[in-house]
Amino acid sequence: MTTSWADSVAASEEEAVAAAPAPAAAAAAAKFSSDQASQPRPTRRTYVPPHLRSRPQSSVAPAPPSAAAPAVIDRVGYGGPPAGSWSTGGFRPDAGRSGGGHVPAGGRNGRGGGRDRGRDRGVNPFADKDGLEQGIVGQENAAINFDAYEDIPVEATGNNVPPPAGTFADIDLGEALNLNIQRCKYVKPTPIQRHAIPISLAGRDLMACAQTGSGKTAAFCFPIISGIMRGRYVQRPRGRTAYPLALILSPTRELSIQIHEEARKFSYQTGVKAVVAYGGAPINQQLRELERGVDILVATPGRLVDLLERARVSLQIIKYLALDEADRMLDMGFEPQIRKIVEQTGMPPCGLRQTMLFSATFPKEIQRLASDFLSNYIYLTVGRVGSSTDLIVQRVERVHESDKRSHLMDLLHAQRENGFHGKQALTLVFVETKRGADSLENWLYTNGFPATSIHGDRSQQERELALRSFKSGRTPILVATDVAARGLDIPHVAHVINFDLPNDIDDYVHRIGRTGRAGNTGLATAFFNENSSSLARPLAELMQEANQEVPAWLTHYASRSHGGGRSRRSGGSRFGGRDFRREGSFNRGTDYYGGGYNSTGHGVSAGYGGYGVYGTGVTSAWE
DNA sequence: AAAAAAG
C-alpha cells in the first residue's frame with residue numbers, strides 16, 4: 001500500500017530516469033544490467049576451519065579462487081549436493097530436516113544449527129505478538145513506504161565493485177528466503193539492499209553507511225542466511241560448545257533482540273538457526289538455546305565474552321561477522337572489547353572470514369580503526385533519505401535549562417489537544433543522564449502524562465517492559481537515554497524531543513532517526529541553550545544540508561562558536577559519510593590498499609540532488 | 001562528562 005505522495009515520487013523518478021540520465025551513469029547502469037549482472041559472480045576463498053584442514057574432502061572440491069566458477073559460496077565438500085544444486089530451482093525448503101544426503105553442519109551430533117528446525121516449524125515468527133500495534137495501522141509491513149527509498153544517491157568505492165541488483169528476483173537468494181521476503185511484504189530491495197547484497201554475495205568485505213530503518217538488517221542478514229544455506233559446512237565438534245557460522249554484534253541489548261527477531265523471520269524454514277545472547281537476562285536459557293544449535297549468533301559484547309570465557313561458544317568457524325552500529329562498537333568505550341572478540345578468540349582473521357560493518361554514521365577516525373577488521377573492502381554510502389534529512393522536520397528551540405520541563409509540558413499539552421496521543425502517535429524524549437530520565441519520567445507521570453523510561457540503570461526486565469509498553473501505545477511517551485538512540489525500530493514515533501541535546505552531532509542523527517522511519521514523516525524538536533553550544537555549528541550545518549529552516553539565532557550562535565569537536569560533518573551534503581581512503585592526506589604514505597579505487601555511481605539517478613524530491617514536498621502536519 | 005556492556 002502506497003500513499004499518493006509515494007506514488008508521485010515513484011512516477012517522477014521514472015520520468016527523470018527516462019528523461020535525462022547522466023551519460024556516464026546511464027552507460028554504467030546499462031552495462032551492469034545487460035552484461036555483468038547475468039555473469040557468474042566471482043568465487044571467493046573457501047574457508048576450511050583449521051582443525052579440519054587435514055581431513056579428506058569429497059568429490060566436490062572447493063573451487064580455486066581464480067576459477068570462473070558459478071555463484072557458489074563456501075563449499076566444503078562433505079557429502080553435499082553437487083555444486084549449483086541450491087540454485088533457485090533445486091532448492092529444497094526443508095533440506096536437512098530429514099538428515100538425508102546433505103546434513104547441514106552439526107546435523108549428526110545435534111550440535112550444529114538447524115537441528116531443531118522441526119521445532120521451529122511450529123513457531124511462526126511472522127505472528128504479531130504486540131496486538132495493539134495491529135490496531136494502529138493494520139498491516140505493519142505493508143505500510144512501509146518503499147518507494148520513498150527508490151531514488152536516492154548511492155556511492156560505492158573500492159576495487160571491482162560488484163554491480164547492484166534491480167529486484168529480489170535478480171538476486172539468487174534461494175526459494176525459502178524468497179518466500180520469507182514475500183512474507184515480510186518486501187516488494188523490492190531498498191538501495192542499501194540492492195547494493196550491499198550483491199557485494200556481500202560476492203564474498204566481499206563491506207563498510208556501509210546507511211540509516212537504520214532503510215533495510216540495513218536485511219541487507220546483512222540475507223547474504224548471511226543465503227550463504228549458510230548454500231554452504232556445505234562441516235560437522236561441528238562434539239561437546240557443549242556452540243560453533244556459530246555468523247556473528248552479529250550490536251551495542252545495546254534491545255537492538256540485539258530486535259536484530260534476532262528480524263533474523264528469525266528471514267530464516268524461517270530455511271534450516272538456519274539464529275540465537276540471541278545478551279546481558280541482564282538469565283544466562284541459563286541462553287545456554288540452552290545455544291546447546292540446541294546455532295548458525296547465526298546475535299549478541300552484545302559483554303555477554304559474548306562471558307560465553308567465550310565459559311567455552312560455551314567458539315568463534316573458530318565464523319564465516320560472517322557483522323557489526324551493526326559499527327562506529328559505536330568501535331568508539332572508545334567498546335573498541336577494546338570488540339578487538340578482543342575479533343582478534344583474540346580464535347575467530348578466523350580477516351580475509352578468511354567475511355566482515356560487514358553497518359552504521360548511519362561513520363566518522364573518519366572510526367573508519368580508520370575499522371579497516372583493521374576488513375580486507376579489501378568496499379565502502380558503500382547511501383544518501384540520507386529517511387534519516388536526518390528529508391522525512392524529518394527538525395526544529396530547534398531556545399529553552400533555558402530551568403524552563404525545559406514547562407516547555408515540554410506545553411508541547412505535550414498541544415499534542416494531546418490535537419489528538420496526537422489519540423492516534424497512537426508516540427513521543428520519544430531524550431535526556432542526557434539516567435538520573436535525569438528517572439526524574440523526568442516521574443515528573444511527567446505525576447503531571448498526568450502516561451510516560452515510562454528506559455536507561456541502563458533499569459533492570460533488563462524493566463527496560464524490555466518499558467519498550468513494549470511504549471511500542472504498544474500504552475505509555476505513548478518514553479523518556480530515554482542514549483541506550484535507545486540507535487537502531488531501534490519503533491513504528492509510529494511521530495515526535496523525537498531532544499530535551500537535552502547530545503554532545504556529538506552523530507548521536508543527534510541517530511536519535512532523530514527514531515522517527516521518520518520506513519519512509520514516513522516525523523518531527524524532531526531540540527531544546528537548545530548555552531549548555532549545548534558545542535553542537536551549534538554542526539547542528540546548523542546539518543539542518544542546512546537537510547533543507548531545514550535554521551533559526552537566525554542558531555546561525556549566529558554557530559558563527560561565534562568554534563571548535564568543540566568535529567564541526568564539519570564527515571562528507572558532503574548528499575551522503576552520511578565518505579570513504580576515508582579517498583581523503584588523500586589521511587593515509588598518504590600508508591598504502592594498505594595497494595592501488596586505486598574505482599568509484600562507481602550505481603543508482604545515482606538523474607536530476608536529483610539527493611533530496612530535492614522530498615525536501616520541499618514534505619510539510620509537517622504539526623506546523 | 002555520559003552512555004553502554006558481565007555479574
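Quick caveat, the model's predicted, so the values are computed rather than measured. First the proteins, then the strands, lettered A, B, ... as listed; each starts at 1.
Atom CD of A/Gln337 is separated from atom C1' of B/dA3 by 14 Å (rounded to the nearest Å). In this structure, A/Glu309 atom CD and B/dA5 atom P are separated by 18 Å, rounded to whole Å. Per the geometry, CE belonging to A/Met329 stands 15 Å off P belonging to B/dA4, to the nearest Å. A/Ile283 places its CD1 atom 15 Å from the P atom of B/dA5, with the value rounded to the nearest Å. The distance between atom CG of A/Asp482 and atom C1' of B/dA4, rounded to the nearest whole Å, is 9 Å. Distance CD1 (A/Ile341) to P (B/dA5): 13 Å, rounded to an integer number of Å. Atoms CG (A/Asp507) and P (B/dA2) sit 15 Å apart, rounded to a whole Å. For the pair A/Arg458 CZ and B/dA5 P, the interatomic distance rounds to 14 Å; values are reported in whole Å.
Residue A/Lys434 places its side chain closer to B/dA4 than to any other of B/dA4, B/dA5, B/dA2.
Ion pair A/Arg435/A/Asp438 not flagged as a salt bridge, since none of the NZ, NE, NH1 or NH2 atoms sits closer than 4.0 Å to an Asp/Glu carboxylate oxygen.
Within the 4.0 angstrom heavy-atom criterion, base atoms lie near A/Gly333. A/Arg310 comes within 4.0 angstrom of no nucleic acid atom, judged by non-hydrogen atoms across all strands. Contact annotation for A/Arg328: base contact, defined as any heavy-atom pair under 4.0 Å involving a base atom.
The aromatic rings of A/Phe358 and A/Phe220 sit tilted, their planes meeting at an angle between 30° and 60°. Using cut-offs of 30° and 60° for the angle between ring planes, the A/Phe449 and A/His413 rings count as perpendicular.
At a threshold of 4.5 Å between non-hydrogen side-chain atoms, the residues A/Asp507 and A/Asp482 count as touching.
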